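Because the structure is predicted, anything quoted here is derived from the model rather than measured. Note on naming: letters A, B, ... go to the chains in the order of the sequence lines (proteins, then strands), and numbering restarts at 1 for each one.
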Amino acid sequence: MALTADHTRAFYTAWADRFAAEREALIALDGQVGDSDLGITMSKGFAAARDAVAAAPEAGIAEQMKLAGGALARAAPSTMGTLMATGFLRGFKALDGADTFGTGQAATFWRAFAEGVAQRGKARPGDKTVLDVLDPIATALDGRDDPLADALEAATVAAGHALEATRNMVAQHGKAAAFQEKSRGLPDAGGTVAVMLVEVMRDVARQL
Amino acid sequence: MALTADHTRAFYTAWADRFAAEREALIALDGQVGDSDLGITMSKGFAAARDAVAAAPEAGIAEQMKLAGGALARAAPSTMGTLMATGFLRGFKALDGADTFGTGQAATFWRAFAEGVAQRGKARPGDKTVLDVLDPIATALDGRDDPLADALEAATVAAGHALEATRNMVAQHGKAAAFQEKSRGLPDAGGTVAVMLVEVMRDVARQL
Amino acid sequence: MKKFLNTPEAFVDEMLDGIYRAHPQVTHTAGDLRCYVTANPVPGKVGIVTGGGSGHLPTFLGYVGDGMIDGCAVGGVFQSPSSDQILEVTKHVDQGAGVLYLYGNYTGDIMNFDMAGELAELEDIATATVVGNDDVASSVVGEEHKRRGVAGIFFLYKAAGAAAAQMLPLTEVARITDKARARTRTMGVALSPCIVPEVGRPGFQIGENEMEIGMGIHGEPGISREPLQPADTVVDKMMERIFAETDYKTGDEVAVLINGLGATPLEELYILYRRVAILMEERGVTIRHRWLGEFATSMEMAGASISVLHLDDELEPLIAAPVSTPFFTHVGG
Amino acid sequence: MKKFLNTPEAFVDEMLDGIYRAHPQVTHTAGDLRCYVTANPVPGKVGIVTGGGSGHLPTFLGYVGDGMIDGCAVGGVFQSPSSDQILEVTKHVDQGAGVLYLYGNYTGDIMNFDMAGELAELEDIATATVVGNDDVASSVVGEEHKRRGVAGIFFLYKAAGAAAAQMLPLTEVARITDKARARTRTMGVALSPCIVPEVGRPGFQIGENEMEIGMGIHGEPGISREPLQPADTVVDKMMERIFAETDYKTGDEVAVLINGLGATPLEELYILYRRVAILMEERGVTIRHRWLGEFATSMEMAGASISVLHLDDELEPLIAAPVSTPFFTHVGG
Ligand SMILES: Nc1ncnc2c1ncn2[C@@H]1O[C@H](COP(=O)(O)OP(=O)(O)O)[C@@H](O)[C@H]1O
Ligand SMILES: Nc1ncnc2c1ncn2[C@@H]1O[C@H](COP(=O)(O)OP(=O)(O)O)[C@@H](O)[C@H]1O
Ligand SMILES: [Mg+2]
Ligand SMILES: [Mg+2]
Ligand SMILES: [Mg+2]
Ligand SMILES: [Mg+2]
């Protein structure tokens with residue numbers, strides 16, 4: 001079943017809840033090879049995104065993404081906050097006018113999201129960034145035509161594997177880059193966020 | 001036996017040794033209701049006094065006191081350093097020209113010392129200062145005519161009692177004054193130095 | 001966490017409120033306390049806008065004022081300001097001559113300044129960008145573009161501000177600032193961590209007798225963790241890295257900044273400076289200007305950094321020029 | 001003990017060596033690094049001499065410079081300078097108009113300045129003395145002569161320096177300085193101890209969540225030890241003591257100094273200032289001048305103090321006057 005704008009609204013509440021719950025875990029994760037702010041920025045950013053979407057009951061599927069992107073950019077202008085903002089804004093552009101959100105739209109959304117992040121962050125695959133999880137998510141959804149929940153389940157599994165694979169990479173960007181070899185063995189913090197993003201989307205799709 | 005200038009010279013080495021040995025103990029004592037510097041200033045000051053006296057082999061009994069006073073004033077210009085300097089300089093004035101140092105001279109020295117400290121510090125008896133030990137030392141020596149070592153033994157005993165008595169006083173001067181009632185129960189730090197001063201003088205007198 | 005604050009969430013905005021109450025020389029725009037601008041704009045002058053995370057006072061906003069820079073987009077503690085905020089500051093300080101973006105080399109800041117620059121272009125405001133990357137410890141020679149920006153940005157603000165005050169065009173201001181950038185090197189050493197208010201605990205641990213040479217101002221790891229050594233040895237180790245990649249010749253002139261990271265007493269900074277002065281003297285290099293104190297901090301972190309700008313005839317008078325901001329005054333000369 | 005130093009014994013003299021290397025505006029006399037004097041004496045002006053222990057930079061020597069004071073006898077950490085050193089500084093700065101001794105109320109300093117004054121008299125140099133005693137926490141009303149001198153001495157230097165710069169005679173400079181003294185009040189709060197280099201361990205302990213209101217700048221005990229509270233509450237408690245013994249009326253003007261003790265970030269000082277500004281506003285009192293930063297420290301102690309000078313028509317222009325020292329610059333106004 002494809003979702004309507006009334007359904008996709010639930011994504012934003014669920015993301016806000018999830019990142020509120022993961023606040024401490026993400027602080028700890030970013031603290032290992034970063035500056036410990038990831039839990040703060042993600043919980044703040046997605047709370048703001050939820051509020052922005054909730055404040056616009058008329059907003060369509062794509063507009064919700066635009067509102068969320070703007071809210072993220074303002075409330076969480078850290079590296080990940082800005083990248084997530086860019087991703088949602090690209091999603092808005094790619095899906096502008098869409099009435100439903102099914103497997104095809106999900107594939108379009110995640111591809112646009114990943115490309116926006118790639119352009120904004122100038123990272124390449126293998127640099128141990130969020131991109132190393134976003135890209136496999138988009139690829140997993142590419143050309144599928146099974147129901148949304150099933151497709152997102154596959155994407156979630158791919159995301160999990162991709163995150164595991166970041167353990168063997170050495171960070172090339174952001175504050176983690178300074179840790180060099182010490183970053184090896186740890187999953188990328190931004191990639192962990194990407195896994196949560198797609199997990200939550202899958203859970204919401206399942207329940208509807 | 002009355003001492004000559006060659007003998008009194010030994011006071012300064014012995015004081016320097018004693019205050020070097022007591023450095024940590026005096027730091028700890030001053031630390032309880034003060035700023036922990038007493039061990040540093042007394043060890044530095046009396047080392048300087050020893051060196052000043054050693055550098056002037058011709059100096060008479062009173063001149064040694066003048067040299068020690070000047071050295072203390074320069075090397076240890078803390079409260080106690082300055083008071084001790086004042087005491088020695090008053091001793092010099094009171095004994096100027098003396099050829100021997102016997103019980104009578106010791107009485108003169110300690111009285112002048114105590115009076116100098118009283119004037120410089122403007123403390124009154126009972127204020128819980130070094131004066132509460134210096135004054136009893138001078139009084140114990142007043143009018144005695146027994147041998148120097150015996151007289152100084154009596155002065156040392158008096159000093160010990162006087163120091164004990166400072167436990168019941170509340171500090172009115174210097175950094176300890178801020179501790180008010182908390183200073184009760186503790187012996188005065190400056191008074192402890194005065195006891196050491198007279199103990200060392202007694203020990204040197206005994207050995208000669 | 002022992003800090004004077006009311007709530008971690010209000011930390012930045014109450015700090016800003018305090019600053020505006022204290023200093024009529026600065027104000028804010030767009031109804032946002034975090035869009036910090038000079039109250040004395042100079043018509044026709046190139047605007048200089050900086051920005052970055054809070055927690056580094058007087059960096060970054062402290063250099064907004066007469067003769068220095070014009071605006072600062074203020075982020076949360078150790079967080080970038082948003083592109084919207086940068087844009088608002090840009091619009092406010094633009095006097096028709098364009099705006100120089102001058103900030104430190106951190107991913108979040110770069111992305112947001114880039115976004116703001118794209119938006120400013122749509123509003124017909126020309127921008128140029130210089131990104132401070134003076135931290136020698138953060139990447140090797142040949143990879144300077146990966147280096148973090150730290151206290152040395154002070155010299156860039158000084159040079160850029162003086163160049164703009166001479167009413168030079170944007171390209172010239174950017175060229176001169178970039179030259180100052182290329183000639184500035186910093187090495188830091190940390191003795192203790194700091195605490196981000198909203199995190200509430202230290203970002204890293206460091207042993208009672210340890211120091212970390214090359215640590216970044218957000219606690220990014222440095223080159224080596226070692227037992228604390230005598231001050232002169234610490235300076236020698238730091239300056240060795242700076243000397244290794246500079247070509248000071250006898251008779252050359254430099255400007256030196258000895259910066260405390262937050263909890264290091266000024267007394268100790270002078271002990272460090274003494275050794276730097278001796279090392280420069282040995283090389284026949286003249287320290288023409290020097291500043292000591294807190295210029296780019298990490299809140300209550302203990303430690304220090306040494307920045308050196310290799311002067312030339314063009315940069316020297318710019319560094320010497322008088323400036324007056326609420327946080328930094330130089331009477332000139 | 002985590003300090004940048006070579007040996008505890010060399011701490012003060014190497015710091016001074018660093019200062020002289022950095023700042024040609026000051027020099028020393030009598031072949032003694034610790035006899036610190038301005039390099040720009042003003043003929044015929046009343047000289048102002050201060051002194052006291054090291055470990056409080058920029059207090060005391062940092063106020064020696066143009067428009068402020070003329071000399072400083074520098075003691076060991078938290079120790080008085082000697083009477084000889086005070087005398088040497090006195091002789092050097094005397095320009096025939098006499099010398100004002102201006103220092104903080106500590107027994108060691110008093111005794112040594114008194115001795116120096118007696119010696120100066122023998123050399124036909126007239127001296128007058130004003131002893132700063134602004135620390136409200138250190139004794140009750142009626143016993144003000146027992147109060148310690150802390151950061152508020154900054155205002156006394158400022159007033160005295162400006163009065164002397166107007167070429168007023170010694171008695172007038174002393175009268176004005178004493179008026180500033182009588183109208184200055186300070187309250188401090190400490191969050192952590194500091195370490196005297198030669199001692200090597202903290203002078204006192206304070207719990208992870210405790211603060212001590214009223215603690216002195218050498219760690220002297222204050223009024224109460226309590227759990228750390230929100231910044232506004234801390235300010236309210238401190239200001240309550242100051243308001244209790246001052247008679248500010250609507251329309252009155254004050255100067256405020258928010259002073260960091262050494263390890264407290266500037267961000268937090270602005271949060272404290274914000275609340276002070278609100279409290280003054282509530283009373284209709286104008287903060288005509290304010291300074292925030294480190295003015296009288298206890299090395300690496302965390303904490304802050306608030307000083308208030310109740311201005312009047314005579315003091316206001318003196319506080320506003322421009323000054324320039326290596327450690328403090330005020331452009332005037
Ligand atoms: N240039 C980049 N491109 C894409 N992702 C990046 C880039 N730099 C960092 N990241 C991602 O950002 C994550 C850290 O995010 P965040 O904590 O917000 O960074 P910071 O605190 O440095 O601003 C990293 O784990 C990585 O996934
Ligand atoms: N006004 C005074 N007159 C006499 N003795 C004093 C006075 N004030 C303090 N003292 C003595 O000085 C001792 C402390 O000496 P010291 O540690 O040198 O003081 P500070 O560190 O405050 O300069 C006290 O224990 C007391 O005996
Ligand atoms: Mg981070
Ligand atoms: Mg003491
Ligand atoms: Mg961050
Ligand atoms: Mg002392």
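- With a threshold of 4.5 angstrom between heavy atoms, Ala304(D) approaches chain C through its backbone and through its side chain.
- Proximity to chain C (any heavy atom under 4.5 Å) is restricted, for Glu281(D), to the side chain, taken from C-beta onward.
- Across His330(C), Met211(C), Arg290(C), the residue that shares the most heavy-atom pairs under 4.5 angstrom with chain D is Arg290(C).
- When the candidates Ala22(D), Ser54(D), Ala10(D), Ser298(D) are compared by the number of heavy-atom contacts under 4.5 Å with chain C, Ala22(D) comes out ahead.
- Contact of Met1(D) with chain C is made through the backbone alone, with heavy-atom distances under 4.5 Å.
- Of the atoms belonging to Ile287(C), not a single heavy atom falls under 4.5 Å from chain D.
- Residues passing the ring-ring contact (aromatic ring centres under 6.0 Å, His included) test with Tyr63(D), sequence neighbours excluded: Phe154(D), Tyr157(D).
- Of the residues considered (Gln229(D), His23(D), Met301(D), Glu294(D)), His23(D) shows the highest number of contacts with chain C, using heavy-atom pairs under 4.5 Å.
- Thr297(D) has its side chain out of reach of Leu266(C): every pair of non-hydrogen atoms, C-beta onward, lies at least 4.5 Å apart.
- Looking at heavy atoms from C-beta onward, Asn6(C) lies out of side-chain contact with Arg275(D) at the 4.5 angstrom threshold.
- Note: Leu57(C) leads Leu272(C), Leu57(C), Val331(C), Val276(C) in heavy-atom pairs under 4.5 Å with chain D.
- Looking at Glu208(C), the atoms closer than 4.5 Å to chain D (heavy atoms on both sides) sit in the backbone and in the side chain alike.
- Counting heavy atoms from C-beta on, the side chains of Phe4(D) and Val189(C) come closer than 4.5 Å.
- In this structure, no portion of Ala302(D) lies under 4.5 Å from any heavy atom of chain C.
- Ranked by heavy-atom pairs under 4.5 Å with chain D, the list Pro197(C), Pro326(C), Pro265(C) is led by Pro265(C).
- Looking at Ile206(D), the atoms closer than 4.5 Å to chain C (heavy atoms on both sides) sit in the backbone and in the side chain alike.
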Original post:
Given the rule in the side chain to side chain contact (heavy atoms under 4.5 Å, CB included) test, do Tyr270(C) and Leu16(D) qualify, once you have shown the distances and angles that lead to the verdict?
Top reply: CA-CA 8 Å; Tyr270(C) 276 94; Leu16(D) 287 168; over 6 Å; no
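- Using a 4.5 Å heavy-atom threshold, the side chains of Glu268(D) and Met299(C) count as separate.
- Take His28(D) and apply the ring-ring contact (aromatic ring centres under 6.0 Å, His included) test, not counting sequence neighbours, and it matches Tyr20(D).
- A salt bridge does not link Glu267(D) to Lys3(C): none of the charged side-chain nitrogens sits closer than 4.0 Å to a carboxylate oxygen.
- Nearest approach of Asp17(D) to Arg274(C), heavy atoms of both residues: OD2-NE, 2.7 Å.
- Lys2(C) and Leu228(D) get closest at one heavy-atom pair: CA-CD2, 3.9 Å.
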